[in-house]
> 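Below is the structure I would like to discuss, written out as structure tokens.
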Amino acid sequence: KIGEVADEVPVNAFAVGGFVRDLLLKKRNLDLDIVVEGNGIEFAKHLAGRLGGRYRTHERFSTAMVLMPDGFKIDIATARLEYYEYPAALPTVELSSIKLDLYRRDFTINAMAVQLNPQQFGTLIDFFNCQNDLKQKEIKVLHNLSFVEDPSRIFRAIRFEKRMSFTMAPHTARLIRNAVKMQLFGKAADTRFFSEIRLIFSEENPIPAIQRMADFNLFQFLWPDLKPHLKVDRRFLHILLQAQRAIDWYRLLYLKEECDNWIVYLLAIMGRSKAEVLEAFCKRFLVPQKITDNLVWQKMHADKVANLLARRNALRNSEIYWLLQDLDIEGLLYVMAIARKSTVKKAVSNYVTEMRQAATLISGRDLMALGYEPGPAFKIMLNDLLDARLDGIVTSKSEEITFIQE
Ligand code: ATP
């Protein structure tokens, strides 16, 4: 259908990038990227009409997005015809626009296209011998200036390498080392860095990629304050593995609340640093203020609580509850990751599985029925009651009523 719409407009339409890569690898990919030779915006409008989806356009960049009712997302970009001006006498050369579009991509494995117009449907477009690199399982840039143009690609290279168990082509690895030497991260006024770091931490298993980042000496740019343990030493690795364990444990609980795993890993990496290090990191990589505030608050609060829990033995459930109740799930899993004592881990896991959802059986309305006047005292009474519930002092509604009346 997409191809038919392309013919109607008419434009040449191609599926590109990660979609084609995953198609050739026979992996599922739910994001379709389309590049159009011609008017991409027009194409997007027609496509949305035909597929019964909604569309959003970004005229300035000639891009659009079509969102299907089932959540399937199609990104559409326009490949423009570009002219290469050669100096002096040589003629101007017109490059086929899809070729130029593919040449500008990050790695060869992501630089293939599949034509969608019906006549040529399914034709693989591979100008740079990309399919061979995919077969060889190699991450390779398309040209030598790739990382100079966009150093955030370094993180992408690492992410793809570790996710798919590919290897970095030697020349590409050399270009990364050169880029690191040139300190291309010095000025990070580019939000792409943070997006890419976040994507690494959101991978199924980000630890090999984090180790690879350290191998390439990237920590010096990301966390200059971590210098003493610039290398991934045993303690550092231990915290990361504990973070992973906590995340896996939480996943298997199948609770409704989603956990942003990247936050847990980011906090864990900062496990041995002060909150200011995290704050400086956020500032350097232009993390939005709201996210920064939350990250810093979670870290400070979690560090404090972890300390308290470690120092005091035999806390009552209600005490644990009030200590942990302000932390998000990410902060809680972080506490589990940095805790050295099993009692602390146990306290947090109990809190997550049992106490977090705890509530009193009687409500404010019940209190009114019992003849109490509504007011600030209500909250205090209900909190006391919750404590009693958490500590097993009351277990039924009638016990709760007696507790209140006493
Ligand atoms: P994932 O499976 O992680 O979504 P993807 O390959 O689909 O991987 P996206 O970040 O969605 O990755 O990017 C889509 C495509 O856009 C890539 O396949 C690549 O061709 C191109 N691309 C993305 N980021 C860059 C970049 N920084 N430089 C060049 N090309 C890029």
Side-chain angles (χ1 to χ4, degrees), residues 246-247 249-261 263-264 267 275 278-279 282 288-339 341-406:
I247 287 168
W249 168 80
Y250 183 73
R251 186 184 302 132
L252 290 175
L253 294 176
Y254 295 103
L255 297 182
K256 234 195 252 123
E257 187 188 354
E258 296 236 358
C259 173
D260 278 325
N261 297 345
I263 295 182
V264 186
L267 293 175
L278 177 58
E279 203 164 4
C282 292
Q289 195 59 43
K290 243 178 93 178
I291 300 181
T292 303
D293 291 346
N294 180 256
L295 287 170
V296 172
W297 190 89
Q298 292 290 324
K299 168 156 174 64
M300 290 200 323
H301 197 63
D303 285 343
K304 199 169 75 193
V305 167
N307 255 322
L308 273 169
L309 288 174
R311 268 192 278 127
R312 294 198 40 197
N313 282 326
L315 282 170
R316 284 200 303 274
N317 275 352
S318 55
E319 292 175 300
I320 294 172
Y321 180 91
W322 295 109
L323 277 176
L324 296 178
Q325 68 142 6
D326 289 328
L327 284 173
D328 290 345
I329 186 61
E330 293 82 9
L332 291 164
L333 296 183
Y334 164 67
V335 174
M336 288 177 81
I338 55 171
K341 284 189 178 174
S342 59
T343 48
V344 177
K345 283 189 210 289
K346 188 97 195 104
V348 182
S349 68
N350 271 344
Y351 172 77
V352 172
T353 51
E354 315 270 343
M355 293 187 247
R356 207 162 177 230
Q357 301 80 2
T360 55
L361 296 175
I362 64 173
S363 63
R365 199 175 296 155
D366 294 318
L367 287 182
M368 268 158 46
L370 288 169
Y372 294 97
E373 289 289 327
F378 260 45
K379 183 122 188 89
I380 300 173
M381 282 161 87
L382 288 173
N383 283 348
D384 284 349
L385 191 56
L386 184 60
D387 285 354
R389 248 200 104 67
L390 290 166
D391 296 336
I393 298 167
V394 297
T395 53
S396 67
K397 193 161 176 174
S398 60
E399 281 177 8
E400 286 193 1
I401 292 172
T402 323
F403 181 87
I404 286 286
Q405 286 170 334
E406 279 169 1

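For reference, positions follow the sequence shown, starting with 1. FYI, side chains are in, hydrogens and waters are out, and symmetry mates aren't considered; it's all heavy atoms of this structure.
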> Can you confirm whether more than 12 heavy atoms, excluding those of Arg316, are under 6.0 Å from its CZ atom?
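No, not enclosed.
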> Could I get the full list of side-chain hydrogen bond (donor to acceptor under 3.5 Å, both in side chains) partners for Gln325, not counting sequence neighbours?
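Here no residue qualifies.
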> Can you find a pair of side-chain heavy atoms, one from Tyr254 and one from Leu252, that are under 4.5 Å apart?
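Yes. Closest side-chain heavy atoms under 4.5 Å.
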> What pair of heavy atoms forms the shortest contact from Met336 to Ala246, and how long is it?
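Of all heavy-atom pairs spanning Met336 and Ala246, the closest is CB-CB, 4.2 Å.
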> Please find the pair of heavy atoms, one from Arg389 and one from Ser396, that lie closest to each other, and give the distance.
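Shortest heavy-atom contact: NH1-N, 4.4 Å.
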> Just wondering, more than 12 heavy atoms not from Lys341 lying within 6.0 Å of its NZ?
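Yes.
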> Do Tyr250 and Leu332 make a side-chain contact, defined as non-hydrogen atoms from C-beta onward lying under 4.5 Å apart?
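No, side chains not in contact.
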> Within the 4.5 Å heavy-atom criterion, are Leu309 and Leu324 side-chain neighbours or not?
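Leu309 vs Leu324: side chains touch.
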> From Leu333 CG over to Cys259 SG, what is the distance, rounded to the nearest 0.5 angstrom?
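With rounding to 0.5 Å, CG (Leu333) is 5.0 Å from SG (Cys259).
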> Quick one: closest heavy-atom pair of Glu400 and Ile362, and the distance?
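So the minimum-distance heavy-atom pair works out to OE1-N, 2.9 Å.
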> By side-chain hydrogen bond (donor to acceptor under 3.5 Å, both in side chains), which residues pair with Asp303, not counting sequence neighbours?
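Once residues adjacent in sequence are excluded, the partners of Asp303 under the side-chain hydrogen bond (donor to acceptor under 3.5 Å, both in side chains) criterion are Lys299, Tyr334.
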> Hey, what do you get for CH2 (Trp322) to CG (Leu386), rounding to the nearest 0.5 Å?
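Trp322 CH2 to Leu386 CG: 5.5 Å, rounded to 0.5 Å.
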> With heavy-atom distances below 4.5 Å as the criterion, would you say the side chains of Leu267 and Leu278 are in contact?
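The answer is yes; the side chains approach within 4.5 Å.
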> Return the minimal non-hydrogen interatomic distance between Gln298 and Asp326, and the atom names on each side.
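The answer is NE2-O, 4.3 Å.
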> Just so I know, are the side chains of Asp328 and Ile263 near enough to count as touching, which here means a heavy-atom distance under 4.5 Å?
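No, side chains not in contact.
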> Not counting sequence neighbours, which residues clear side-chain hydrogen bond (donor to acceptor under 3.5 Å, both in side chains) with Thr395? List them please.
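If we apply the side-chain hydrogen bond (donor to acceptor under 3.5 Å, both in side chains) test to Thr395, skipping adjacent residues, the hits are Glu399.
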> Going by side-chain hydrogen bond (donor to acceptor under 3.5 Å, both in side chains), name the residues that satisfy it together with Ser342, two or more places apart in sequence or in a different chain.
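Listed in chain order: nothing, the list is empty.
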> Does a side-chain heavy-atom distance below 4.5 Å link Ile320 with Asn350?
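Contact flag for Ile320/Asn350 side chains = no.
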> If only atom types and distance count, is the side chain of Asp391 paired as donor or acceptor with the main-chain N or O of Asn317 below 3.5 Å?
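Confirmed, Asp391 side chain pairs with Asn317 backbone.
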> Enumerate donor-acceptor pairs with a distance under 3.5 Å from any side-chain N or O in residues 366-385 to protein atoms, sequence neighbours excluded.
{"residue": "Asp366", "atom": "OD2", "partner": "Ser363", "partner atom": "N", "Å": "2.8"}
{"residue": "Asp366", "atom": "OD2", "partner": "Ser363", "partner atom": "OG", "Å": "3.4"}

> Which pair of heavy atoms, one from Leu327 and one from Ala302, lies closest together, and at what distance?
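Heavy-atom minimum between the residues: CD2-N, 3.9 Å.
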> Mind listing the closest non-hydrogen atom pair of Ala339 and Val344 along with its distance?
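The pair with the smallest heavy-atom distance is CB-CG1, 3.6 Å.
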> What side-chain hydrogen bond (donor to acceptor under 3.5 Å, both in side chains) pairs are there with at least one residue in residues 351-361, not counting sequence neighbours?
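For residues 351-361: Glu257-Arg356.
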